[in-house]
Amino acid sequence: MDHENAARRRVGIKDVAREADVSLGTVSNVLNRPELVAGPTRARVLAAIDSLGYVRTEGARQLHGWAARVLAVVVPDLAHPFFTALAIGVEQAAREADLGVMVCTGTRDLEEEARYLSLITSHRIRGAVLTSGEAVGRTVAAFRRNAVPFVVADQCRPQPGACSVGIDDVAGGHAAVRHLIDQGHRSIAYVSVPDLQQVRERRRGAVDAVNQAGLQPTALRELACADLTVGAGKDAGHRILGLPHRPSAVFCANDLLALGVLQALYEAELKVPEDLAVVGYDDIEFATSAVVPLTSVRRPAVAMGRRAGRLLVEETTRGAGHEHAHVVLQPELVVRRSTLAAPAR
């Protein structure tokens, strides 16, 4: 099919069936009862939907007036306190404009992404706040193709042709490690997931702090994790305890990792910060209620969501008169008991 010609008119279910070389009934099942369709066939149909930019239109006319009063916020996982706080910020901005909010999750899954994109576009939601993550490039492309206004939140760098709001994670990483150096630490572990852009920015700041202090690059050792969870942090904590030359401090790329490290230290009957100082990142609510209150770099998630929501409201209100902006918020180091002692060695 000529995709350029398809873009000039509304893509229909027949176009998807033709592109995927399946029947109309198969496409309908993928959209409504995907469990009835074999995996490879379902993947082929979803790929055709994504390629052609097909969206469902049923119900749009009846819901158009309602949907024009609703913003969507798309996050990878509402179980993570940071994304919950960000969604709260978007809701605050929507309320200021007398709008509602619809929250969509599951951006790491292609099928879930297809479902929420279909819901947002077919019901003509006013616009969406997208959180930066592994799938953000694909999601942005889909929203552009369907002419859905959007703002990207938690974006380190400007998003071409769109508004974005981010946090200076280089400054945050620098503040965390500078604090540990000021406390006398000369051997620091950095626990992270290296393939995430925000995490790499935090590492840049940490390395800058080490260099500015005149320390050797080996003063900072990176331990890679599979994900940013408490379980991954606990595993990292056990690995740190098994090192032949154990560092005196740990900087974790987020608070969930840090809480996992604290669990590993507690099980080993080690004292924090006397045996090992710990710094987290995000400053989620649980940071203050840990067994040892956690020093953390506060990312203003609610403020970021609120700013992103306001930018989206402005864009969808002013239209062509709106100028895209990239807003950078500053993090803040919040010092608590997990680092307030000199290193034991």
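Salt bridge annotation for Arg178-Asp182: present, with a cationic side-chain nitrogen under 4.0 angstrom from a carboxylate oxygen. Checked for salt-bridge contact, Arg95 and Glu91 meet the test: a charged N lies under 4.0 Å from a carboxylate O.
In this structure, Leu180 is not a member of the same hydrophobic cluster as Val170, with clusters built from ILVMFWY side-chain heavy atoms closer than 4.5 Å. Hydrophobic cluster membership differs between Val74 and Ile88, with clusters built from Ile, Leu, Val, Met, Phe, Trp and Tyr side chains linked at under 4.5 angstrom. Under a hydrophobic-cluster definition in which Ile, Leu, Val, Met, Phe, Trp and Tyr are linked whenever side-chain heavy atoms come within less than 4.5 Å, directly or via other members, Val230 and Val250 are assigned to the same cluster. With hydrophobic clusters built from ILVMFWY side chains whose heavy atoms lie under 4.5 angstrom apart, Leu262 does not share a cluster with Tyr266. Under the 4.5 Å side-chain contact rule for hydrophobic residues, Val335 and Ile284 share a cluster.
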side-chain contact (heavy atoms from CB on, under 4.5 Å) between Tyr190 and Arg203, intermediate numbers included: CA-CA 8 Å; Tyr190 178 46; Arg203 183 184 183 279; 3.5 Å; yes
For Val279 and Cys252, what are the C-alpha separation, side-chain angles and deciding distance, and is it a side-chain contact (heavy atoms from CB on, under 4.5 Å)? CA-CA 6 Å; Val279 177; Cys252 296; over 6 Å; no
Run the side-chain contact (heavy atoms from CB on, under 4.5 Å) test on Arg310 and Glu96 for me, step by step, so that the C-alpha distance in whole Å, both residues' side-chain angles and the decisive distance to 0.1 Å come before the verdict. CA-CA 9 Å; Arg310 286 171 176 171; Glu96 290 172 359; 2.7 Å; yes
Does the side chain to side chain donor-acceptor pair (under 3.5 Å) test come out yes or no for Thr26 and Arg44, once each step is laid out? CA-CA 11 Å; Thr26 297; Arg44 195 162 74 249; over 6 Å; no
Stepwise, does the side-chain contact (heavy atoms from CB on, under 4.5 Å) test hold for Ser248 with Arg186? CA-CA 8 Å; Ser248 64; Arg186 297 296 180 265; over 6 Å; no
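Of the possible donor and acceptor atoms, one in the side chain of Gln155 sits under 3.5 Å from a partner among the backbone N and O of Arg157. Although no hydrogens or angles enter the test, the distance criterion places a donor-acceptor pair under 3.5 Å between the side chain of Asp255 and the main chain of Tyr281. Checked by atom type and distance alone, the side chain of Arg298 never pairs as donor or acceptor with a backbone atom of Pro331 at under 3.5 Å. Panel note: side chain His185, backbone Ser187; no donor-acceptor pair is recorded below 3.5 Å. No donor-acceptor distance shorter than 3.5 angstrom exists from the side chain of Arg299 to the backbone of Asp283, with no hydrogens or angles considered.
More than 12 non-hydrogen atoms from other residues, nucleotides or ligands lie less than 6.0 angstrom from CD of Gln212. Arg336 CZ: more than 12 foreign heavy atoms inside a 6.0 Å radius. The neighbour count for Arg306 CZ, taken as heavy atoms of other residues, nucleotides or ligands under 6.0 Å away, is above 12.
Residue Leu311 forms a side chain to side chain contact (heavy atoms under 4.5 Å, CB included) with just one option from Cys163, Pro149, Ser164, and that option is Cys163.
Val297 and Ala176 make their closest contact through CG2-CB, 3.8 Å (heavy atoms, listed as atom of the first residue, atom of the second, distance). The minimum heavy-atom distance between Pro300 and Ile167, with the atom names listed, is CD-CD1, 3.7 Å.
When only modelled atom types and interatomic distance are considered, Gln197 and Arg200 share a side-chain donor-acceptor pair under 3.5 Å. Using modelled atom types and a 3.5 Å distance limit, the side chains of Thr131 and Asp154 yield no donor-acceptor pair. When only modelled atom types and interatomic distance are considered, Thr295 and His179 share no side-chain donor-acceptor pair under 3.5 Å.
Using a 4.5 Å cut-off on side-chain heavy atoms (C-beta onward), Val22 and Val27 make contact.
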